[in-house]
There are 2 protein chains.
Amino acid sequence: MTEDGRLLRGERTRTAVLDRALPLATTAGLDGLSLGQLADTLGISKSGLFAHWRSKEALQLAVIDHARQQWTDEVIRPGMAAPRGVRRLWAVHDRRLSFYESVRLPGGCFFANANFEYNARPGVIRDRLAAELTDWMTFLTRLATDAIDVGDLRPGTDAAGLAYETESLGVCAVMQAPVLGPVTFRHARHALHEHLRVLATDPTILTELT
Amino acid sequence: MTEDGRLLRGERTRTAVLDRALPLATTAGLDGLSLGQLADTLGISKSGLFAHWRSKEALQLAVIDHARQQWTDEVIRPGMAAPRGVRRLWAVHDRRLSFYESVRLPGGCFFANANFEYNARPGVIRDRLAAELTDWMTFLTRLATDAIDVGDLRPGTDAAGLAYETESLGVCAVMQAPVLGPVTFRHARHALHEHLRVLATDPTILTELT
DNA sequence: TTTATTTACGAACGGTCGGTCGTTTTGTAG
DNA sequence: CTACAAAACGACCGACCGTTCGTAAATAAA
């Protein structure tokens with residue numbers, strides 16, 4: 001956008017629209033996202049959106065890409081800065097919780113909301129969301145496997161199971177926090193910490209983590 | 001309804017409507033529930049619904065009550081038949097997983113979906129859903145506390161934390177099963193089983209459970 | 001400066017939404 | 001049988017939805 005706030009054309013307009021669409025889709029739902037409302041809050045006309053995306057569905061898919069990009073930049077990449085092994089697994093878990101604990105996004109996690117919304121609605125969007133979830137679980141499993149490989153966790157540890165538990169604790173903390181309060185984040189941290197302590201070859205590794 | 005399938009008036013009509021509305025609201029969302037579509041599939045007129053509920057919101061609240069009733073009858077009550085202590089906590093966890101594992105309800109768990117849908121939408125419905133979630137967590141915590149009181153779990157065990165982990169594992173298994181497959185149910189059972197074994201005063205109690 | 005293309009606009013479309021109204025049907029109580 | 005109230009109906013309302021279209025403005029290329 002220009003210095004006076006007006007939108008420029010082309011790519012910059014597109015990212016500006018997606019920046020605005022993501023929080024709207026997070027709170028109102030990816031399907032409940034209203035193109036009219038989106039255009040109004042951007043100060044552009046509804047029909048102008050169709051110059052950039054051929055349909056609402058195309059825009060929704062772009063929102064998903066945008067959300068993944070943001071998630072990668074703000075959560076995964078910083079978490080990956082931690083040393084390999086169980087420290088990195090913990091860093092990703094902790095970053096995710098911190099991200100939502102500091103109320104960065106109203107409406108909770110976009111991907112969790114969208115997955116729930118489209119669980120029973122076949123179509124292109126559901127397939128895309130399913131692929132994102134599969135990728136994410138593969139990533140978590142790889143973190144767990146690495147923690148086993150470097151010797152932080154006992155050989156024979158169920159990497160996929162550990163990834164599943166990490167994901168469950170994280171998602172539910174974000175989901176239930178608006179109702180049950182920030183205690184859910186403490187529970188999510190404590191539960192995984194306890195479990196890792198049981199699985200660790202040297203429990204003292206865990207004591208130095210938050 | 002009469003022997004030829006037509007609806008009678010009064011209470012029986014109301015429960016017939018709710019029986020039909022609950023799966024629709026589970027798949028399309030409590031807000032995405034369409035009164036026109038609901039009336040069509042029931043073979044009645046849309047305006048006829050307003051003879052029983054003054055507004056869509058009133059019907060949505062009735063759907064929540066109906067879902068809770070069904071949940072109590074089909075999941076909680078059978079689970080409570082188990083002996084006190086850790087066996088009962090496990091029975092409730094297991095019943096919940098079995099309920100959805102056998103594909104009883106398309107669209108997953110109504111309450112989980114609705115909670116996600118209304119997390120960022122203040123209003124009467126959100127308040128009601130929040131109350132339901134609070135009640136449910138209180139119930140789970142009570143089960144955990146009881147398991148401690150009867151001596152199944154170590155004194156000093158974090159009952160609220162255990163309840164939180166139970167809920168997280170159960171919800172996410174149902175949520176992710178459509179994408180990741182039934183392996184999520186195995187993970188949810190295995191993870192809680194492992195955790196309970198760590199917390200148990202006598203681990204042999206756990207071996208006799210599934 | 002002229003030309004071509006992208007970008008944005010306002011108006012309008014068909015469709016669905018929740019909701020209202022007057023009327024008719026239906027069950028039940030007297 | 002009569003009278004009354006609950007229940008169901010069809011027609012209709014205004015609002016909003018995603019989408020299209022013809023056109024005008026803005027940019028980039030010539």
Side-chain angles (χ1 to χ4, degrees), chain A residues 1-22 24-25 27-64 114 117-118 121 123-126, chain B residues 1-22 24-25 27-64 114 117-118 121 123-126:
Chain A
M1 49 180 68
T2 61
E3 57 271 32
D4 63 340
R6 281 195 320 110
L7 297 180
L8 283 184
R9 55 172 55 184
E11 199 53 39
R12 279 190 282 187
T13 300
R14 242 159 277 159
T15 65
V17 170
L18 295 178
D19 278 338
R20 194 80 197 86
L22 181 53
L24 284 177
T27 56
L30 198 52
D31 192 64
L33 172 66
S34 160
L35 298 188
Q37 181 184 342
L38 174 61
D40 283 347
T41 67
L42 282 165
I44 67 175
S45 70
K46 194 171 50 167
S47 52
L49 293 174
F50 287 85
H52 298 278
W53 297 277
R54 73 180 68 173
S55 66
K56 180 181 184 180
E57 189 180 72
L59 192 146
Q60 289 171 314
L61 291 173
V63 168
I64 295 176
E117 191 180 357
Y118 281 87
R121 302 190 201 176
V124 183
I125 294 183
R126 200 209 101 103
Chain B
M1 47 181 68
T2 61
E3 57 271 31
D4 62 342
R6 283 193 320 108
L7 297 179
L8 281 186
R9 53 174 57 183
E11 199 52 40
R12 278 191 282 187
T13 300
R14 242 158 277 159
T15 65
V17 169
L18 294 178
D19 279 337
R20 194 81 197 85
L22 180 53
L24 285 177
T27 56
L30 198 51
D31 192 64
L33 173 66
S34 160
L35 298 187
Q37 180 184 343
L38 173 61
D40 282 349
T41 67
L42 283 165
I44 66 175
S45 69
K46 190 171 57 167
S47 52
L49 293 174
F50 287 87
H52 298 280
W53 297 278
R54 71 181 69 176
S55 65
K56 180 180 185 181
E57 189 179 73
L59 191 146
Q60 289 171 314
L61 291 173
V63 168
I64 295 176
E117 191 180 358
Y118 281 87
R121 303 189 201 176
V124 182
I125 294 183
R126 201 209 101 103

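Each chain gets a letter, A, B and so on, in the order its sequence line appears, and its residues count up from 1.
- The distance from atom CD1 of Ile44(A) to atom P of dA26(D) is 16 Å, rounded to the nearest whole Å.
- When all heavy atoms are compared, the tightest approach of Ala62(B) to Trp53(B) is CB-NE1, 3.5 Å.
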Report each atom pair, protein N/O against N/O of nucleotides 19-23 of chain C, whose distance is under 3.5 angstrom.
residue: dG19(C); atom: OP2; partner: Lys56(B); partner atom: N; Å: 2.6
residue: dG19(C); atom: O6; partner: Lys46(B); partner atom: NZ; Å: 3.3

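- Expressed to the nearest 0.5 Å, how far CD of Gln37(A) lies from CG of Leu42(A) amounts to 10.5 Å.
- What separates CG of Leu42(B) from C1' of dA8(D) is a distance of 13 Å, to the nearest Å.
- Closest heavy-atom contact between Ala21(B) and Leu33(B): O-CD1, 4.2 Å.
- Here the C1' atom of nucleotide dC17(C) and the CD atom of Gln37(A) are 16 Å apart, to the nearest Å.
- Using a 4.0 Å heavy-atom criterion, one finds that Leu33(A) contacts the sugar-phosphate atoms exclusively.
- A close approach under 4.0 Å does occur between a side-chain nitrogen or oxygen of His52(B) and OP1 or OP2 of dA8(D).
- In this structure, CZ of Arg12(B) is placed 11 Å from P of dG27(C), rounded to the nearest angstrom.
- When the C1' atom of dG18(D) is taken as reference, atom CD of Gln60(A) falls 11 Å away, rounded to whole Å.
- Put simply, the side chain of Asp31(B) does not reach to within 4.5 Å of the side chain of Ile125(B), judged on heavy atoms.
- A straight line from CG of Asp31(B) to P of dC16(D) spans 15 Å, rounded to a whole angstrom.
- The residue Leu38(B) sits apart from the nucleic acid: no heavy atom pair falls under 4.0 Å.
- Shown here for Arg14(A) and His52(A), the closest heavy-atom pair between the two residues is NE-ND1, 3.1 Å.
- In this structure, CG of Asp40(A) is placed 13 Å from C1' of dC9(C), rounded to the nearest angstrom.
- Note on Ser45(A): every side-chain N or O is 4.0 Å or more away from OP1 and OP2 of dA8(C).
- Across all strands shown, Gly32(B) has no heavy atoms under 4.0 Å from either base or sugar-phosphate atoms.
- The nearest pair of heavy atoms linking Lys56(A) to Leu30(A) is CE-O, 4.3 Å.
- Leu49(A) approaches Val17(A) most closely through the heavy-atom pair CD2-CG1, 4.0 Å.
- The nearest whole Å value for the distance from the CG atom in Leu49(B) to the P atom in dG18(C) is 10 Å.
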